[in-house]
Amino acid sequence: MMHADPRSVARHVEDAEHQAMPHRLYTLVFPFDQAQARVLLGMKKRGFGRNKLNGFGGKVEPSETIAQGAQRELAEESGLTATKIEQCGLLLFYFEDSPVAMEVHVYAVREFSGHAVETEEMRPQWFGMHDMPFNQMWADDERWWPYMLKAQKFVGRFWFKADQVTITREELRPVESLDF
């Protein structure tokens, strides 16, 4: 049985039905090159989300904070080291074939060191911030990406069919703070 993770903040934005679900914590990190108005995405090479472009991230380990998990995942999947990281969003995903909700903490990295390198999990590629390849990304990305561009904090909840493509319901709103 999965117990509630004390780092989870989902209870602050969910209804009672969804609060009762087990949640798994994830991070999603987008490195920005402001000077060239571009963002680094990675083509997922294996596992959940395979063959989709996305930010970098994954499961948060029990011994780390969510921000530490974001920094670790970015380094492991892209070779970049975040020197300035900011939480921008909170996304909750519910898949009709899964009893576990995904609680995804979204970060922007505007300062980093190193060079992007291909890893076993991701193949990085730069894209124009205003020319995103949404047809190769998760269906929800296009909906909340405008908040990222404006540096507006946001909370979103998305319900997906088992095909992991079709969104059956969504809630998305800007927020003043992600400090719950």
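All values below were derived from every heavy atom in this structure, side-chain atoms included, with hydrogens, water molecules and symmetry-related copies excluded.
- Here the SG atom belonging to C88 is positioned 10.0 Å from the CD atom belonging to Q152, to the nearest 0.5 angstrom.
- Salt bridge status for D163 with K161: absent, with no side-chain N to carboxylate O gap under 4.0 Å.
- Between the side chain of Q19 and the main chain of R11, a donor-acceptor pair closer than 3.5 Å is present.
- Within the 4.5 Å cutoff, the side chain of M148 has heavy atoms near those of the F154 side chain.
- Both M137 and Y26 sit in one connected hydrophobic cluster of ILVMFWY residues. Membership requires side-chain heavy atoms under 4.5 Å apart, directly or through other members.
- In the hydrophobic clustering of this structure, M102 does not group with L25; members are Ile, Leu, Val, Met, Phe, Trp, Tyr whose side-chain heavy atoms approach within less than 4.5 Å, directly or through other members.
- Between the side chains of Y94 and E14, at least one donor N or O lies within less than 3.5 Å of an accepting N or O.
- In this structure the side chain of I167 reaches within 4.5 angstrom of the side chain of R143, judged on heavy atoms.
- Residues L80 and A116 approach most closely at CD2-N, 3.6 Å, considering heavy atoms.
- Within the 4.5 Å cutoff, the side chain of L178 has no heavy atoms near those of the H105 side chain.
- Contact check for H23 versus D5: no side-chain heavy atoms found under the 4.5 Å cut-off.
- In this structure the side chain of F30 reaches within 4.5 angstrom of the side chain of L41, judged on heavy atoms.
- For the pair K52 and D141, the salt-bridge criterion is not met [side-chain N within less than 4.0 Å of a carboxylate O].
- Residue L28 is grouped with residue F48 when hydrophobic side chains (ILVMFWY) are merged at heavy-atom distances under 4.5 angstrom, including chains of intermediate members.
- Using cut-offs of 30° and 60° for the angle between ring planes, the W145 and F32 rings count as parallel.
- For the atom pair L92 CG and W159 CH2, the distance stands at 8.5 Å (nearest 0.5 Å).
- Side-chain contact between E170 and W144: absent, with no pair of heavy atoms (C-beta onward) separated by less than 4.5 Å.
- Interatomic distance, K45 NZ to E77 CD, rounded to the nearest 0.5 Å: 11.0 Å.
- In this pair, W138 and F95 present their aromatic rings perpendicular. The plane angle is above 60°, beyond the 30 to 60° band.
- Judged purely by distance below 3.5 Å, without hydrogens or angles, the side chains of T27 and E73 never pair a donor atom with an acceptor atom.
- At least one donor-acceptor pair under 3.5 Å links the side chain of R7 to the backbone N or O of E64.
- Taking CH2 of W126 as the start and CG of L40 as the end, the distance is 4.5 Å to the nearest 0.5 Å.
- Within 6.0 Å of the CD atom in Q34, the count of heavy atoms belonging to other residues, nucleotides or ligands exceeds 12.
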### Task
Please lay out, stage by stage, how K44 and E121 fare under the test salt bridge (charged side-chain N to carboxylate O under 4.0 Å, His left out).
CA-CA 6 Å; K44 187 82 186 284; E121 195 161 342; 3.2 Å; yes
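- Hydrophobic clustering (side-chain heavy atoms under 4.5 Å, transitive across Ile, Leu, Val, Met, Phe, Trp, Tyr) keeps V117 apart from F127.
- A distance of 8.5 Å separates CE of M132 from CG of L53, quoted to the nearest 0.5 Å.
- Side-chain contact between V175 and S177 is absent, with no heavy atoms from C-beta onward closer than 4.5 Å.
- Using a 4.5 Å cut-off between side-chain heavy atoms of Ile, Leu, Val, Met, Phe, Trp and Tyr, with links allowed through other members, F56 and V106 fall into different hydrophobic clusters.
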